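Read through the structure below, which is laid out as C-alpha cells, and then see the notes.
Because the structure is predicted, anything quoted here is derived from the model rather than measured.
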Amino acid sequence: MIDLYTWATPNGRKVSVMLEETGLPYQAFPINISKDEQFAPDFLAVNPNNKIPAIVDHAPPAGYGDKPYAVFESGAILIYLAEKSGQFLPKDAQGRMRALQWLMWQMGGFGPMLGQTHHFLRFAKEQVPYAIDRFTTETARLYGVLNGHLAKNEYLAGNDYSIADMAAYPWATRYEWQGVDLAKFPAVQRWMDAIGARPAVKRGFEVP
C-alpha cells in the first residue's frame with residue numbers, strides 16, 4: 001500500500017493520475033495547503049520541504065530496504081512509481097531519456113513559470129506589470145515549445161504516453177489561469193484532448 005499526501009493542485013494531480021494509471025494500491029491523505037497543513041510535524045517527517053505531493057510506500061521494491069520508504073518531489077515520485085510498476089517509462093535508452101528530458105523540462109520550466117503566472121495574474125495582492133509581462137511571455141514561449149514538439153510527436157516521449165505527459169498535462173489544464181489561448185496551440189489542444197479522455201486521468205483528477 002502507498003500513502004499519498006496530496007492536494008488538488010497540478011503537482012498533486014501528477015501523482016494521483018500515475019497511481020490510477022498503474023493500478024498500484026494507494027490511499028490518499030489530503031493536505032490542505034490553504035490551511036498550512038503542509039507545515040504539520042507529521043507531514044514534515046515525510047517531506048522536509050513542506051510541499052505536496054509526497055508518498056510513503058509500505059512495500060518498497062528491492063533495493064529500498066524493508067521499511068516504509070518516503071519519496072518527495074513530484075518528478076522523483078513519478079520516476080519511482082514508473083520503476084516500481086514497470087510502466088510509463090520507456091525501456092529503451094533513447095526513449096527513457098526522451099521521457100526524462102521532457103519530465104525535467106516540466107519540472108524546471110513548465111511548472112515553475114506557469115505557477116508564477118498563476119500567482120501574479122490571480123493571487124498577488126497588487127498588480128505588478130513587470131512580473132506579469134515577464135511570466136506571461138515565458139509561459140507563451142513554453143507553450144510554443146510544447147506545441148512545436150507535439151506537432152511532430154503524439155506524446156512528449158514520442159509515440160508512447162509516459163510520466164512526462166502526466167507531469168505536464170495538469171499544468172496545461174489551467175491554461176485559462178495563464179491567459180493562454182489554446183487556439184494558437186492546436187497540437188497542445190489535440191494532446192490535451194487525448195489525455196483528458198483517459199479514464200485513469202479523470203479518476204486521478206478527483207483525488208483527494
Side-chain angles (χ1 to χ4, degrees), residues 8-18 21 51-53 73-83 87-124 128-198 200-202 204-205:
T9 70
N11 284 336
R13 285 171 170 164
K14 296 176 191 178
V15 179
S16 55
V17 165
M18 178 60 168
E21 290 279 15
K51 301 286 186 180
I52 63 94
E73 285 297 319
S74 59
I77 296 170
L78 290 175
I79 295 169
Y80 176 88
L81 294 175
E83 293 179 342
Q87 301 178 66
F88 303 111
L89 186 59
K91 302 295 192 297
D92 66 288
Q94 291 189 26
R96 177 185 174 87
M97 186 50 61
R98 281 194 301 270
L100 292 178
Q101 285 180 99
W102 284 99
L103 174 62
M104 294 305 113
W105 174 84
Q106 187 283 312
M107 294 295 296
F110 199 66
M113 294 299 104
L114 273 56
Q116 291 297 325
T117 301
H118 293 174
H119 175 77
F120 285 105
L121 284 179
R122 294 177 61 91
F123 303 115
V128 184
Y130 172 78
I132 291 171
D133 179 67
R134 174 180 172 82
F135 291 114
T136 56
T137 298
E138 179 63 3
T139 291
R141 187 192 72 81
L142 290 165
Y143 270 90
V145 172
L146 183 61
N147 192 74
H149 182 67
L150 291 171
K152 301 174 184 177
N153 298 274
E154 186 173 2
Y155 295 105
L156 288 178
N159 294 327
D160 297 321
Y161 175 63
S162 74
I163 56 174
D165 302 291
M166 294 181 213
Y169 173 77
W171 283 98
T173 62
R174 292 189 173 178
Y175 63 92
E176 292 179 329
W177 287 26
Q178 301 144 17
V180 169
D181 179 4
L182 276 187
K184 297 179 180 179
F185 305 104
V188 175
Q189 181 70 77
R190 185 270 308 161
W191 169 79
M192 289 181 63
D193 290 345
I195 295 176
R198 296 177 68 92
V201 173
K202 293 177 181 178
F205 265 59

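Taken to the nearest 0.5 Å, the CD atom of E73 stands 5.0 Å off from the CE atom of M107. With values rounded to the nearest 0.5 angstrom, F135 atom CZ is found 11.0 Å from L114 atom CG. A distance of 7.5 Å separates OG of S74 from CG of L103, quoted to the nearest 0.5 Å. Between atom CG of residue L89 and atom CE of residue M97 there is a gap of 9.5 Å, rounded to the nearest 0.5 Å. Atom CG of L100 is separated from atom CD1 of I79 by 5.0 Å, given to the nearest 0.5 angstrom. Considering OG of S162 and CZ of R96, their distance stands at 11.5 Å, rounded to 0.5 Å.
Residue N147 comes nearest to P186 through the heavy atom pair OD1-N, 3.3 Å, listed as atom of the first residue, atom of the second, then distance. Shown here for R13 and A8, the closest heavy-atom pair between the two residues is NH2-CB, 3.9 Å. Considering every non-hydrogen atom in both M192 and L182, the closest pair reads SD-CD1, 3.8 Å. Residues I77 and P53 come closest through the heavy atom pair CD1-O, 3.7 Å. Among all heavy-atom pairs drawn from H149 and Y155, the shortest one is NE2-O, 4.0 Å. R174 and P10 make their closest contact through NH1-CD, 3.3 Å (heavy atoms, listed as atom of the first residue, atom of the second, distance).
In this structure a side-chain-to-backbone donor-acceptor pair under 3.5 Å is missing from D133 to P129. The backbone N or O of W171 lies less than 3.5 Å from a partner atom in the side chain of Q178, making a donor-acceptor pair. At least one donor-acceptor pair under 3.5 Å links the side chain of R190 to the backbone N or O of E154.
In the displayed structure, R198 atom CZ is contacted under 6.0 Å by more than 12 heavy atoms of other residues, nucleotides or ligands. Enclosure of atom CE in M104 by more than 12 non-hydrogen atoms of other residues, nucleotides or ligands within 6.0 angstrom is indicated. In this structure, N159 places its CG atom where only 12 or fewer heavy-atom neighbours from other residues, nucleotides or ligands lie under 6.0 Å away.
For Y130, the ring pair (Phe, Tyr, Trp, His ring centres under 6.0 Å) test picks out no residue, with sequence neighbours left out. R98 is linked by a salt bridge (charged side-chain N to carboxylate O under 4.0 Å, His left out) to nothing, counting only residues two or more places apart in sequence or in another chain.
At least one side-chain heavy atom of D165 sits under 4.5 Å from a side-chain heavy atom of W191. Within the 4.5 Å cutoff, side-chain heavy atoms of L150 are placed close to those of L156. You'll find the side chain of Y175 stays beyond 4.5 Å of the side chain of F185, heavy atoms only. Residues N11 and P170 are not in side-chain contact: their nearest non-hydrogen atoms beyond the backbone lie 4.5 Å or more apart. Contact of the Q106 side chain with the K14 side chain is registered, since non-hydrogen atoms from C-beta on lie closer than 4.5 Å. Residues Q87 and L81 form no side-chain contact, since every pair of their non-hydrogen atoms from C-beta on lies 4.5 Å or further apart.
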### Query
Given N153 and W102, is the side chain to side chain contact (heavy atoms under 4.5 Å, CB included) satisfied, shown in steps?
CA-CA 12 Å; N153 298 274; W102 284 99; over 6 Å; no

### Message
Test side chain to side chain contact (heavy atoms under 4.5 Å, CB included) on R141 and T137; report intermediate values, then the result.
### Response
CA-CA 6 Å; R141 187 192 72 81; T137 298; 5.9 Å; no

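Proximity of the aromatic rings of Y169 and F205 is defined here by a centroid distance below 6.0 angstrom, and this criterion is met.
W105 and F110 have parallel rings, their planes meeting at less than 30° on a 0 to 90° scale where 60° marks the start of perpendicular.
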